[in-house]
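Below is one structure; the comments refer to it alone.
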2 protein chains.
Amino acid sequence: MSEQTRMPAGRPSKGERTRARILAAAAELFAASGFHAVSLRDIAAHAGLTHAGLLHHFPGKDSLLIEVLDHRDREDAEVLSQVAPREHPEEFLRGVVRVVHRNMRTPGPVGLYARISTEAADPDHPAHAYFVRRYELLRAGLTEAFTALAARTGAPPGHDPALTAQTLVAVMDGLQTQWLLAPAAIDMHAAVVAFFARIGLDFRDVPPLPDRRSGSEPSSASTTSAEADT
Amino acid sequence: MSEQTRMPAGRPSKGERTRARILAAAAELFAASGFHAVSLRDIAAHAGLTHAGLLHHFPGKDSLLIEVLDHRDREDAEVLSQVAPREHPEEFLRGVVRVVHRNMRTPGPVGLYARISTEAADPDHPAHAYFVRRYELLRAGLTEAFTALAARTGAPPGHDPALTAQTLVAVMDGLQTQWLLAPAAIDMHAAVVAFFARIGLDFRDVPPLPDRRSGSEPSSASTTSAEADT
DNA sequence: GGGAAAACCTACCACATGGTTGGTTTTGCG
DNA sequence: CGCAAAACCAACCATGTGGTAGGTTTTCCC
């Protein structure tokens, strides 16, 4: 199924176009309200068909969620520069800042990972294994970047790249929750730039990524971002 | 209703004891699985009565959630030293570190605030207003503490107490999500201490709070903590 | 153009849910 | 001890849910 959701070189079939609409609708509604509060009938109505029609394309609700998350990951892989964290640690971290900056302009999609990741702490949640793995990869990528940076530029006493990595992931996730609750009160970009400043990295001059296309495109929470290069 | 859930000086009535059991069961199940995934029948079964019996004590599921959160807040107010962030900023922040340290030993309850706060980003969620206000108070308290500290000891150029406050809240929330997903991989206490170290505060020597009583007592995520003094 | 497959629909199923109603049992106070 | 109130229950209601079955409509390719 996963290769079928990738747009083939030719014009997409009716089924491919419908699956894309379903994934967009699901991403939007899961981001807004979480997995449990959204029904297949809700998603189907948003996508312009019935829930039975939706179930022709996806085996079930759990599978749909996993497909939405995988789809998001592939889109993020396309957006990010393919920078290796070990070889180009500072550039890799600049990419993180750019994604955070962009995400501030896309309130709808930011919630998808932030919201589903806390739901998925429940071992019975369909995305539990996905998020355990995802955070492992994210922390590993950032740990590599911070380790390489420390080796290159020296590090203060007691510097722990793994601790810094998990803290940076926490900052991005935690800021998203606060931002979703009170967007006017939170400056995610400034906070992330200030965090990097405290560990000796000046990212104030990092330009933001171009805006995404308008409409209900599924898009990424910032925690997606650094993982794609792993 | 709220003054009735506070234990009176005399021995508690049958109803008071039942409400306490219901609140404990609800806190535990909401922490484990979130508001939407848990039913009144689930909570009632955990508390040893039927869902109709539960509804004799609480007007509805939404009210029960709010009561669980308020009950937690009152318990936290009792646990924390009543330190004013403006007059005693460093002591106030030490209290934050102690609560974080204690919460690492209580995996069940940590999830209540972390989990419900991201659910509550949905404006239709019953706890939305509660969390908007809660984060405002939390950030305000920490901003006061960081402002007072900067005035007393000086601050580095570009220091922004409000930004530091929202970042600290983000670190604590974000670490909880990662910790719930992979407790062995995350050291919340070390990460929070390292965060403070980067802004010039040495809290490595802060002793943890004593453990909570065993059993299914409702208890707090660390983000509860600093707010009680406001 | 025709036919097979894809894509969709309506109707249904079994189950779950939050809440209500009317009744029974337990508690506690005079 | 008796009685009113509190605390609880079984049964029910209306609605919603994920998924299935069988059928219809649309698409697309030979």
Side-chain angles (χ1 to χ4, degrees), chain A residues 1 3-5 7-26 29-30 32-68 119 122 124-127, chain B residues 1 3-26 29-30 32-68 116 119 122 124-127:
Chain A
M1 162 70 82
E3 63 270 13
Q4 280 173 331
T5 56
M7 291 308 180
R11 85 183 194 85
S13 69
K14 178 77 186 291
E16 284 155 345
R17 297 199 302 275
T18 301
R19 281 191 286 281
R21 286 200 331 270
I22 292 168
L23 288 170
L29 294 175
F30 287 148
S33 307
F35 178 74
H36 293 294
V38 167
S39 68
L40 290 174
R41 285 166 174 81
D42 293 331
I43 297 164
H46 244 75
L49 74 178
T50 65
H51 82 285
L54 185 159
L55 285 167
H56 171 78
H57 294 280
F58 293 92
K61 192 186 183 190
D62 289 0
S63 308
L64 176 58
L65 173 63
I66 299 304
E67 190 60 35
V68 165
E119 278 191 356
D122 180 357
D124 295 328
H125 195 279
Chain B
M1 163 68 83
E3 62 271 14
Q4 279 173 331
T5 55
R6 180 167 44 80
M7 291 306 177
R11 84 183 197 85
S13 70
K14 179 77 184 294
E16 284 156 345
R17 295 199 304 276
T18 301
R19 281 191 286 281
R21 284 202 332 271
I22 292 169
L23 288 171
L29 295 176
F30 286 148
S33 305
F35 178 74
H36 293 294
V38 169
S39 68
L40 289 173
R41 286 168 174 80
D42 293 330
I43 296 165
H46 245 76
L49 74 178
T50 67
H51 81 285
L54 186 160
L55 284 166
H56 170 78
H57 294 281
F58 295 92
K61 192 185 182 191
D62 288 1
S63 307
L64 176 58
L65 174 63
I66 298 303
E67 190 60 34
V68 165
I116 305 296
E119 279 192 356
D122 181 357
D124 294 327
H125 195 279

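Owing to the predicted nature of the structure, the values given are computational and were not obtained by experimental measurement. To find a chain, count down the sequence lines: A is the first, B the second, and so on, and within it residues start at 1.
Between the CG atom of B:L64 and the P atom of C:dT17 there is a distance of 15 Å, given to the nearest Å. At whole-Å resolution of the value, CG in B:L49 and C1' in C:dT24 are 15 Å apart. Between the CD1 atom of B:I43 and the P atom of C:dA16 there is a distance of 17 Å, given to the nearest Å. Rounded to whole angstrom, the span from the NE2 atom of A:H57 across to the P atom of D:dT27 amounts to 12 Å. When the P atom of D:dA7 is taken as reference, atom CZ of B:R21 falls 12 Å away, rounded to whole Å. Distance CD (A:E16) to P (D:dT27): 15 Å, rounded to an integer number of Å. Between A:L40 atom CG and D:dG19 atom P there is a gap of 6 Å when expressed in whole angstrom units. The CZ-C1' distance, from B:F58 to C:dT20, rounds to 19 Å in whole Å.
In terms of position along DNA chain C, the nucleotide closest to A:L54 lies nearer the 5' end than the nucleotide closest to the other residue of the pair A:L54 and B:K14. The residue among A:A52 and B:V38 whose nearest nucleotide of DNA chain C is located toward the 5' end is A:A52.
Between A:T18 and C:dC8 there is a side-chain N or O to OP1 or OP2 distance below 4.0 Å. Regarding contacts with the backbone of D:dA7, a side-chain N or O of B:H56 is found under 4.0 angstrom from either OP1 or OP2. Within the 4.0 Å cut-off from OP1 or OP2 of D:dC28, at least one side-chain nitrogen or oxygen of A:R11 is found.
The A:H51 side chain lies nearest to C:dA11 when the options are C:dA11, D:dA7, D:dT17. Distance from the side chain of B:K61 is smallest for C:dG18 among the nucleotides C:dG18, C:dA11, D:dC8.
At the heavy-atom level, B:S39 lies under 4.0 Å from the strands shown only through sugar-phosphate atoms. Within the nucleic acid shown, A:L55 comes within 4.0 Å of at least one base atom, counting heavy atoms only.
Note that OG1 of A:T18 and CG of A:L54 are 10.0 Å apart. Values are rounded to the nearest 0.5 Å. Taken from NE2 in A:H56 to CG in A:L49, the straight-line distance is 10.0 Å, to the nearest 0.5 Å. The CZ atom of A:R21 sits 8.0 Å away from atom NE2 of A:H57, with the distance rounded to the nearest 0.5 Å.
Contact of A:R41 with D:dG16 (side chain to base): no donor-acceptor pair of N or O atoms is detected under 3.5 Å.
Between B:F35 and B:F30, the ring planes are tilted. Angles from 30° to 60° get that label.
Annotation: side chain of A:R17 is in contact with side chain of A:R11 (closest heavy-atom distance under 4.5 Å).
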